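Just so it is clear, the structure is predicted and the values come from calculations on it, not from any experiment.
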Amino acid sequence: MEKKVRVRFAPSPTGGLHLGGVRTVLYNYLFAKQHGGDFVLRIEDTDQNRYVPGAEEYIFECLKWVGLEPDESPLHGGPYAPYRQSERKEMYRQYAEQLVKQGNAYYAFDTPAELEAMREKFRTEENPSPQYNHSLRGRMRNSLTMSEDEVSRLLKEGTPHVIRIKMPENETLTFTDIIRGEVHFNSSLVDDKVLLKADGMPTYHLAVVIDDYSMKITHAFRGEEWLPSAPVHLLLWKYLGWEQEMPQWAHFPLILKPDGHGKLSKRDGDRLGFPVFAMNWKDPRNEELTHGFRELGFLPEAFINMLAVLGWNDGTEQELFSLEELVNKFSLENVHKGGAKFNYEKAKWFNHEWIKKLPVDRWQSTVRKEFEKNGIIIKDEEKFIRVLELVKDRCTLLTDFFTQASFFFKAPEALDVASVKPKWNEDKSMFFDILSEKLTTLEEWNATAIEALFKETATEKGIKMGELQLPFRIMLVGGKFGPTVFDIAALIGKEETIARIRKGLSDIGL
RNA sequence: GGAGCGUUGGUCAAGGGGUUAAGACACCUCCCUUUCACGGAGGAAUCACGGGUUCGAUUCCCGUACGCUCUACCA
């Protein structure tokens with residue numbers, strides 16, 4: 001019988017959720033749902049120094065926003081609770097002790113200062129970062145070099161210590177990565193990683209193995225930066241006797257900076273002017289605000305879509321995918337091996353496509369809030385929808401709607417008179433005078449009728465339509481943008497149109 | 001320094017022993033529109049390098065270069 005697929009995303013609550021993290025969530029989610037499996041969210045909060053209040057709640061809100069909610073988590077509960085590593089603290093030591101008893105790990109009493117001294121002492125140009133490994137552990141203060149009596153005395157006295165894995169010498173460690181195929185390591189080149197810290201908390205290495213085992217995780221996906229520590233995890237699965245239960249691994253390619261090389265960081269976003277976090281993140285320690293995709297006007301559908309194809313594609317020309325389609329079409333085999341540079345322009349293109357693709361009611365309320373924030377209260381919902389339909393082609397971000405459509409609800413404050421003034425004359429002035437008169441008596445108020453009247457009047461005055469449309473636009477809109485002028489006039493209504501012509505006339509002067 | 005991983009246009013990328021090496025974003029030209037966009041047509045631009053294997057390599061093999069990641073009592 002096939003085991004039920006179970007995957008997990010295991011963030012540490014240290015700050016905003018990076019777009020790469022969201023992609024990892026996405027790929028996990030897609031894989032799980034495709035196989036009818038479970039998606040587990042586990043909080044890796046074993047580093048008490050890095051704990052940031054609010055970060056966990058923030059992660060949940062992000063997942064909710066993008067629609068990738070876990071089946072099990074500290075918030076959603078589940079049969080393998082607790083899902084917060086700090087709450088599972090007790091079990092880790094027990095396993096670490098077991099490893100010591102088996103001879104696969106050992107106590108180490110070296111203080112941070114001693115470790116630093118060791119690194120200092122052995123650092124050379126050839127070896128800039130000396131490791132605590134098979135060749136050095138014999139010279140350090142640990143249960144391998146000290147007598148049993150001394151070790152138990154130190155332990156009894158409560159001397160701070162860690163537990164380190166004892167990496168074997170010269171073993172070839174191999175595993176098959178779903179994306180990369182067979183990967184090999186020589187165990188001699190891996191250091192004796194700390195498993196249990198002096199404060200009793202496990203390190204990632206120990207915790208990830210124990211939790212993946214006890215939560216029955218079948219497939220473990222993470223970023224490529226974890227590849228070098230895979231041999232440690234491999235050995236842990238083996239030493240703990242769980243080799244048969246080890247999940248299948250896949251290491252995802254990294255998302256890189258748009259310029260130069262290297263992992264994309266929050267700093268790059270600040271520097272280059274685009275978001276890196278899913279949502280706004282305010283660091284409680286310094287009140288610093290980092291902008292997120294959500295607040296900048298991205299649709300979750302677009303955000304997900306853009307992330308999905310950053311490192312994966314289905315082999316066809318299709319670029320626009322809904323979450324449902326992704327669940328059906330995603331495959332780890334088609335995930336790229338190489339990292340991809342993030343391209344903000346393309347990200348915006350996806351958003352624009354989704355604005356056009358989705359029915360207005362999917363984002364209408366978000367835009368309404370944006371309007372309200374800027375002092376425009378929408379009273380006529382029907383008109384609002386017509387306006388949104390009319391301008392959506394020219395909005396890339398949800399936040400663009402305000403500049404593209406606020407004039408439908410509020411007369412422009414300043415008119416770009418400079419662009420009409422040079423060609424302005426008395427004839428034109430008279431034209432608008434007459435036009436506003438005639439509009440008063442226009443019975444049917446729609447774009448076609450307004451345009452017909454406009455044309456008729458222009459012909460009477462012997463002025464070309466084109467000469468008059470721009471001034472008309474400036475009067476109604478304030479600037480050189482927006483949809484067809486007659487559509488605008490139709491939507492803002494007779495009174496308002498006439499009022500704006502009058503105001504425009506006086507602003508332009510003669 | 002070491003180890004691991006990677007390398008198709010500026011970017012995302014399809015493809016894979018014989019192809020005119022798709023497509024998208026960006027860029028350029030033109031059309032549409034007497035606003036700004038959308039849209040449409042076209043253009044420029046790519047298989048890191050060197051050796052093999054082969055009748056034939058972008059594709060397979062081996063090197064080299066370059067890049068990235070890791071090298072913490074962080075994840």
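- The partner of B/C12, taking Watson-Crick or G-U wobble pairs whose two distances both stay under 3.5 Å, is B/G23.
- Between A/K197 and B/A75 there is a side-chain N or O to OP1 or OP2 distance below 4.0 Å.
- To the nearest angstrom, C1' of B/C25 lies 17 Å from CD of A/Q318.
- Nucleotides B/C55 and B/G40 are separated by 46 Å at their C1' atoms, to the nearest Å.
- Protein atom CD of A/E225 is 16 Å distant from nucleotide atom P of B/A72, rounded to whole Å.
- For the pair A/D314 CG and B/A13 P, the interatomic distance rounds to 14 Å; values are reported in whole Å.
- Residue A/V194 is classed as a sugar-phosphate contact, given heavy-atom separations below 4.0 Å to backbone atoms only.
- Under the 4.0 Å criterion applied to side-chain N and carboxylate O atoms, A/R386 and A/E389 are not assigned as salt-bridge partners.
- B/G42 and B/A24 have their P atoms separated by 11 Å, with the value rounded to a whole Å.
- Atom P of B/U8 sits at a distance of 14 Å from the matching atom of B/U46, rounded to the whole Å.
- Backbone-only engagement by A/A340 is indicated by non-hydrogen atom pairs under 4.0 Å involving sugar-phosphate atoms exclusively.
- Taking the six-membered ring for Trp and the full ring otherwise, the centers of A/F252 and A/Y27 sit less than 6.0 Å from each other.
- In this structure, the nucleotide among B/G4, B/G1, B/C73 sitting nearest to the side chain of A/T203 is B/C73.
- The separation between A/M475 atom CE and B/U35 atom P is 17 Å, rounded to whole Å.
- Distance from the side chain of A/W226 is smallest to B/A75 among B/G23, B/G39, B/A75.
- With A/W424 as the aromatic partner, A/K421 does not meet the cation-pi criteria of under 6.0 angstrom to the ring centre and within 45 degrees of the ring axis.
- When distances are taken from the side chain of A/R180 to each of B/C68, B/C36, B/C5, the shortest belongs to B/C5.
- Looking at heavy-atom distances under 4.0 Å, A/V183 makes contact with sugar-phosphate atoms alone, never a base.
- The residue A/V309 sits close only to the backbone: its heavy atoms come under 4.0 Å of sugar-phosphate atoms, none of a base.
- When each of A/P483 and A/G311 is assigned the nucleotide of RNA chain B with its nearest heavy atom, A/G311 is the one assigned upstream, toward the 5' end.
- The separation of B/A22 from B/U29, taken at their P atoms, amounts to 24 Å, rounded to a whole angstrom.
- Taking syn as a glycosidic angle within 90° of 0, B/C27 does not qualify and is anti.
- For A/N313 and B/A14, the shortest distance from a side-chain N or O to OP1 or OP2 is below 4.0 Å.
- Per the geometry, CE belonging to A/M306 stands 16 Å off C1' belonging to B/A13, to the nearest Å.
- Here A/P160 lies out of heavy-atom contact (under 4.0 Å) with every strand.
- With a cut-off of 3.5 Å on both pairing distances, the Watson-Crick or G-U wobble partner of B/C30 is B/G40.
- Evaluated for a side-chain contact (heavy atoms from CB on, under 4.5 Å) with A/P70, the options A/L63, A/V40, A/V25 yield exactly one hit, A/L63.
- Closest to the side chain of A/Q131, from the set B/U71, B/A24, B/C73, is B/U71.
- Both the sub-6.0 Å distance and the 45° axial angle are satisfied by A/R164 relative to the ring of A/Y132.
- Nucleotide B/C49: paired with B/G63 (Watson-Crick or G-U wobble, both distances less than 3.5 Å).
- One C1' atom belongs to B/A48, the other to B/A65, and the distance between them is 8 Å to the nearest Å.
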Determine, step by step, whether A/H251 and A/R222 satisfy the side chain to side chain donor-acceptor pair (under 3.5 Å) criterion, reporting the C-alpha distance in whole Å, the side-chain angles of both residues, the deciding distance to 0.1 Å, and the verdict.
-> CA-CA 5 Å; A/H251 290 86; A/R222 47 162 41 161; 3.1 Å; yes
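- For B/G39, the OP1/OP2 oxygens have a side-chain nitrogen or oxygen of A/K356 closer than 4.0 Å.
- Atom CZ in A/R23 sits roughly 12 Å away from atom P in B/C12 (whole-Å rounding).
- In this structure, A/D110 reaches the bases: a heavy-atom distance under 4.0 Å links it to at least one base atom across the strands shown.
- For A/K346, no side-chain nitrogen or oxygen approaches OP1 or OP2 of B/A13 to under 4.0 Å.
- Counting any heavy atom pair closer than 4.0 Å across all strands shown, A/L254 reaches sugar-phosphate atoms only and no base atom.
- For A/E224, taking side-chain heavy atoms from C-beta onward, the closest of the listed nucleotides B/C38, B/C5, B/A24 is B/C5.
- Between A/F274 and A/F342, a ring centre-to-centre spacing shorter than 6.0 Å is recorded.
- Considering only side-chain N and O atoms, A/R119 lies under 4.0 angstrom from the phosphate OP1 or OP2 of B/C73.
- The separation of B/C74 from B/G15, taken at their P atoms, amounts to 42 Å, rounded to a whole angstrom.
- One finds no side-chain N or O of A/K341 lying less than 4.0 angstrom from the OP1 or OP2 phosphate oxygen of B/C68.
- Comparing A/D199 and A/G479 by the nucleotide of RNA chain B that holds the closest heavy atom to each, the one mapping nearer the 5' end is A/G479.
- Ring-centre distance between A/F321 and A/W312: below the 6.0 Å cut-off.
- Here the straight-line distance linking atom CG of A/L320 with atom CD of A/E301 works out to 11.0 Å at 0.5 Å rounding.
- Using a 4.0 Å heavy-atom distance criterion, A/S129 is classed as a base contact.
- A/K464 comes within 4.0 angstrom of a nucleotide base, judged by non-hydrogen atoms across all strands.
- Aromatic pair A/W363/A/F401: ring centres closer than 6.0 Å.
- Candidate nucleotides B/G23, B/A75, B/A3 were compared by shortest atom distance to the side chain of A/R50, and B/A75 ranks first.
- Nucleic acid contact class of A/H336 (heavy atoms, under 4.0 Å, all strands): sugar-phosphate only.
- Regarding contacts with the backbone of B/C36, every side-chain N or O of A/R473 stays at 4.0 angstrom or more from both OP1 and OP2.
- A/H205 has no side-chain polar atom (N or O) that falls below the 4.0 Å cut-off from OP1 or OP2 of B/C73.
- Atom OH in A/Y204 sits about 13 Å away from atom C1' in B/C70, given to the nearest Å.
- Here A/E44 lies in heavy-atom contact (under 4.0 Å) with sugar-phosphate atoms only.
- With rounding to whole Å, A/R222 atom CZ is found 12 Å from B/C70 atom C1'.
- Of the nucleotides present, B/A3 is the one that pairs with B/U69 by Watson-Crick or G-U wobble criteria, both distances under 3.5 Å.
- Straight-line distance between the P atoms of B/U54 and B/U71: roughly 45 Å, to the nearest whole Å.
- Considering only side-chain atoms of A/E317, the nucleotide from B/C73, B/U34, B/G23 that sits closest is B/G23.
- The same atom, P, is picked in B/G39 and in B/C66; the two are 43 Å apart, to the nearest Å.
- Residue A/G262 is in sugar-phosphate contact alone, with no base atom involved, counting any heavy-atom pair closer than 4.0 Å across all strands shown.
- When Watson-Crick and G-U wobble pairs are counted only if both distances are under 3.5 Å, B/U58 pairs with no nucleotide at all.
- Within 4.0 Å of A/T46, counting heavy atoms only, lie sugar-phosphate atoms of the nucleic acid but no base atom.
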